[in-house]
Amino acid sequence: MARLNEQVEALLQEYADLLSITGGDAYRARAYEKAARSVGGHPADLAGLDAKELREIPNVGKSIADKIDEYRNTGSIQAVEALRAQVPTGVRQIMAIPTVGPKKAGALYRDLRITSPEELREAIGAERLNDVPGFGERTAENILHGLDLLRRTGGRVRLDVATATAAEITAVLGAVPGCVRCEPAGSLRRFRETVGDLDILAAAEDSDPLMAAFTALPDAADVLVHGTTKTSIRTTAGLQVDLRVVPPEDWGAALLYFTGSKAHNVRLRTMAVKAGLKLSEYGLFEVGSGARIASRTEQEVYAALGLPWIPPTLREDRGEIQAARRGELPDLVEEADLRGDLHTHTDLTDGVASLEEMLDAAAARGYAYYAVTDHAPNLAMQRMTEEKMLAQRSRLRELGPSHRGMRLLHGTELNIDPDGGVDWPADVLAGFDLCVASVHSHFRAGRAAQTRRLVRACENPHVHVIGHPTTRLLGRRGGLDVDLDTVFRACARTGTALEINSAPERLDLGDEAVARAKRHGVRFAIDSDAHSTLQLDNQRYGIGTAQRGWLGGDDVINSWPWSRLRRFLHDR
DNA sequence: GCCGTTTTCGGCCCGACTGTTTTCAGTCG
């Protein structure tokens with residue numbers, strides 16, 4: 001089960017959606033959305049809060065506190081159940097289609113009784129949408145495009161969701177008597193940006209107790225396969241999880257096999273065959289005698305093939321085996337290498353935590369420096385002004401150049417306009433220690449225009465980092481149509497860093513683009529883009545992406561000591 | 001439904017874009 005805060009966040013968000021679909025008071029729906037965000041980003045676990053403490057959470061008043069309490073006591077909220085009875089669950093899935101919001105989803109349900117993305121696709125094919133007021137030809141086209149986008153990542157879940165599920169399962173199984181080891185494998189261990197099926201590997205002499213505990217998990221909605229070596233369940237959230245149990249002496253070979261990727265394994269097996277060996281999930285064997293050569297650890301298996309251990313994030317058959325053979329594997333950047341975070345928000349704009357709360361949480365991570373980069377005025381909804389920005393800077397300066405061992409940087413996240421310009425005149429920009437510049441609008445301009453736009457932003461002497469460079473949202477929005485190689489050249493030429501945004505819904509730049517940018521000589525900033533104290537921990541996903549792009553510490557400006565980063569910021 | 005150094009009632013996140021309208025609703029960041 002997910003943390004109580006996340007469960008309540010999801011329920012409140014669902015209630016807000018259902019209110020919007022049924023045409024309830026928009027401000028009321030908004031109130032639930034705000035409360036959902038606050039609860040999700042609240043550092044204390046709801047399970048341990050009393051009634052008074054619940055109401056101290058921002059945007060939670062009496063009504064919502066009562067609903068949270070009701071959920072804690074009964075496992076459901078009557079008001080939510082009542083609306084669920086009015087609106088089939090598929091209607092919310094339709095809302096997940098880009099360009100379809102609560103009003104369109106509601107109209108499609110009311111007028112055509114459409115309750116799933118599949119039905120919607122059929123209805124468009126049969127030209128039935130023409131009968132609904134406000135739905136024209138272009139609307140149908142946009143919906144089809146959105147459906148395709150959704151289908152491309154269909155069934156795959158975000159890395160943070162898979163990570164949380166895996167952590168819960170391995171914690172339960174690891175405590176089962178007889179369990180020697182239990183760890184996630186598969187694409188999650190490789191930090192792919194989304195996960196299809198979750199693979200969990202356990203080592204034990206007797207698999208029965210583990211399989212029994214696995215199928216008895218509270219999250220197990222269905223048991224798909226039940227055997228002695230492999231059992232598969234589908235969770236209540238719809239994620240398929242495969243558990244494989246192997247004897248402890250086979251652990252290394254099995255972990256290697258089930259971590260993949262398939263292409264990496266195929267290449268390893270080919271190497272084995274050429275050496276007169278056979279590699280399987282049970283070990284590395286001599287073909288003639290059948291004698292087992294290695295299986296206990298991954299290191300043993302790789303070593304028997306004449307290779308050093310290869311980090312899982314590199315196992316995509318993108319040249320890692322050749323590099324390993326030459327002894328030229330990169331010295332990958334690790335989470336412990338990060339000395340700071342250069343893109344974060346506070347409640348001055350759309351964060352849910354105060355400046356002081358964010359600084360405390362960052363200091364607890366042991367950072368040597370930390371940048372506060374709230375939104376700039378052109379993102380109008382944030383209502384930023386020069387006065388508010390300067391007041392924040394004063395508060396930051398009062399805390400001193402260094403606070404709890406952290407050097408404090410006052411930055412901003414600028415908006416790159418369609419021509420490549422940014423908020424604020426040059427003299428105001430010069431007052432910042434650090435400027436991140438990101439695209440937040442005009443996503444549909446053509447390739448030449450988008451490329452020119454990003455290149456111009458790189459050429460701005462006040463811009464240090466381009467934030468979430470493609471602006472993609474996994475499963476919801478493709479990236480900008482842009483000639484990335486031209487942008488990479490501009491970054492290398494101007495000394496502008498590209499961000500690896502660690503938010504699990506972004507992971508932008510993605511791994512392959514990172515590898516390409518590195519070949520152009522680009523530097524990177526791995527940033528959380530945190531909007532709450534908890535999201536500072538998202539850096540692990542950005543690190544995974546950086547590793548998949550073969551980055552070492554030298555490539556990542558926020559792994560550098562302050563003296564070197566300061567020079568980088570100044571020389572810009 | 002939440003909130004308050006202008007308020008315990010009356011506001012609340014603003015502006016641009018798109019596609020459908022012929023004056024504007026819906027969606028998005």
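Naming: A, B, ... by sequence-line order, numbering from 1 per chain.
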Pairs under 3.5 Å (N/O, protein and nucleotides 15-21 of chain B):
| from | atom 1 | to | atom 2 | distance (Å) |
| --- | --- | --- | --- | --- |
| B:dC17 | OP1 | A:His442 | NE2 | 3.0 |
| B:dG19 | OP1 | A:Arg138 | NH2 | 3.3 |
| B:dG19 | OP1 | A:Asn142 | ND2 | 3.1 |
| B:dG19 | O3' | A:Thr139 | OG1 | 3.2 |
| B:dT20 | OP1 | A:Gly136 | N | 2.8 |
| B:dT20 | OP1 | A:Gly136 | O | 3.2 |
| B:dT20 | OP1 | A:Glu137 | N | 3.2 |
| B:dT20 | OP1 | A:Arg138 | N | 3.3 |
| B:dT20 | OP1 | A:Thr139 | N | 3.2 |
| B:dT20 | OP1 | A:Thr139 | OG1 | 3.0 |

If we take the [atom1] atom in both [N] and [M], what is their distance in whole Å?
| N | M | atom1 | result |
| --- | --- | --- | --- |
| B:dC17 | B:dT23 | P | 23 Å |
| B:dC28 | B:dT22 | C1' | 25 Å |
| B:dG26 | B:dT20 | P | 14 Å |
| B:dG10 | B:dG15 | P | 24 Å |
| B:dT5 | B:dG1 | C1' | 24 Å |

Protein-proximity profile, nucleotides 2-9 of chain B, B/S/- by nucleotide at the 4.0 Å heavy-atom cutoff, equals SS------
[atom1] of [X] versus [atom2] of [N]: gap in Å, rounded?
| X | N | atom1 | atom2 | result |
| --- | --- | --- | --- | --- |
| A:Arg37 | B:dG29 | CZ | C1' | 12 Å |
| A:Asp417 | B:dG29 | CG | C1' | 15 Å |
| A:Leu379 | B:dC28 | CG | P | 15 Å |
| A:Lys34 | B:dG1 | NZ | P | 14 Å |
| A:Gln382 | B:dC28 | CD | C1' | 13 Å |
| A:Glu505 | B:dG29 | CD | P | 11 Å |
| A:Asp17 | B:dT27 | CG | P | 11 Å |
| A:Lys388 | B:dC14 | NZ | C1' | 12 Å |

With sequence neighbours excluded, tell me which residues meet side-chain contact (heavy atoms from CB on, under 4.5 Å) with A:Ala457.
A:Ile416, A:Ile466
Using side-chain contact (heavy atoms from CB on, under 4.5 Å) as the criterion, list what pairs up with A:Asn558, not counting sequence neighbours.
A:Leu338, A:Leu342, A:Tyr369, A:Ala525, A:Ile526, A:Asp527, A:Gln539, A:Val556
Cationic N near anionic O, under 4.0 Å, [X] to [Y]:
| X | Y | answer |
| --- | --- | --- |
| A:Glu193 | A:Arg472 | yes |
| A:Arg397 | A:Asp433 | yes |
| A:Arg365 | A:Glu335 | yes |
| A:Glu459 | A:Arg456 | no |
| A:Glu356 | A:Arg395 | yes |

side-chain hydrogen bond (donor to acceptor under 3.5 Å, both in side chains) pairs, two or more places apart, involving residues 56-66 of chain A:
A:Ser38-A:Asn59, A:Lys52-A:Glu56, A:Lys62-A:Asp66, A:Ser63-A:Lys67
My understanding is that only residues two or more places apart in sequence, or in another chain, count here; which of them pass side chain to side chain donor-acceptor pair (under 3.5 Å) with [X]?
| X | answer |
| --- | --- |
| A:Glu119 | A:Thr115 |
| A:Thr494 | A:Thr496 |
| A:Asp483 | A:Thr486 |
| A:Arg540 | none |

Could you let me know what B:dT8 is paired to, Watson-Crick or G-U wobble, both distances under 3.5 Å, or none if it's on its own?
none
Output a table of donor-acceptor pairs, distance under 3.5 Å, between side-chain atoms of residues 130-140 of chain A and any protein atom two or more places apart or on a different chain; print 'none' if there are none.
| from | atom 1 | to | atom 2 | distance (Å) |
| --- | --- | --- | --- | --- |
| A:Asn130 | ND2 | A:Glu127 | O | 3.3 |

For DNA chain B, which residues of residues 463-480 of chain A approach it to below 4.0 angstrom with any heavy atom?
A:Leu473, A:Arg477
For DNA chain B, which residues of residues 91-105 of chain A approach it to below 4.0 angstrom with any heavy atom?
A:Pro98, A:Thr99, A:Val100, A:Gly101, A:Pro102, A:Lys103, A:Lys104
Under a 3.5 Å threshold, yes or no: a donor from one side chain and an acceptor from the other, between A:Tyr71 and A:Gln7?
yes
Do any N or O atoms from the side chain of A:Arg37 and from the backbone of A:Asp350 form a donor-acceptor pair under 3.5 angstrom?
yes
Give a yes/no answer on whether the side chain of A:Tyr27 brings an N or O atom under 4.0 Å of OP1 or OP2 in B:dC12.
no
Tell me what A:Arg383 touches on the nucleic acid: a base, only sugar-phosphate, or nothing, going by heavy atoms under 4.0 Å.
sugar-phosphate
